[in-house]
Amino acid sequence: MTKNRMTQPNGCRWCGIDKRPHARQWTEEAGWHAWEQPTQDQIKDSMRARRNARKASQ
C-alpha cells in the first residue's frame, strides 16, 4: 500500500483507494488489481495515522 499518503481505514489493501472509486488499479506489489479488503493491521495503522495527524494539526 502507498505509504506516503493518508488513506481511509477501509481503503484497498494494496493501494489505499476507497472501494467505490477504485475500479482497476496498478501497483508494483499487486499488479493490476480490484479493490481488496485491508488487513486488520492496515486498518489499525490507518486509523492511528489519521488520529495522529488530527492531533498534530491542533
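Pairing each heavy atom of W32 with each of W26, the nearest pair is N-CE3, 3.2 Å. Closest approach of D18 and P21 over heavy atoms only: O-CD, 3.3 Å. Between P9 and I43, the closest heavy-atom pair is O-CG1, 3.2 Å.
For the atom pair SG of C15 and CD of E28, the computed distance is 13.0 Å after rounding to the nearest 0.5 Å. Residue H33 holds its NE2 atom at 10.5 Å from CZ of R13, rounded to the nearest 0.5 Å. Here CG of N10 is found 8.0 Å from NZ of K19. Values are rounded to the nearest 0.5 Å. Annotation: the span from Q37 atom CD to Q42 atom CD amounts to 9.5 Å, rounded to 0.5 Å. Rounded to the nearest 0.5 angstrom, S57 OG and N52 CG are separated by 11.0 Å.
A donor-acceptor pair under 3.5 Å is absent between the side-chain atoms of H22 and the main chain of R20, judged by distance alone.
Under the 3.5 Å distance criterion, with hydrogens and angles disregarded, no donor-acceptor pair is assigned to the side chains of E29 and W14.
With sequence neighbours excluded, no residue satisfies side-chain hydrogen bond (donor to acceptor under 3.5 Å, both in side chains) with D45. By the side chain to side chain contact (heavy atoms under 4.5 Å, CB included) test, A34 is found to be paired with R24, residues two or more places apart in sequence or in another chain being considered.
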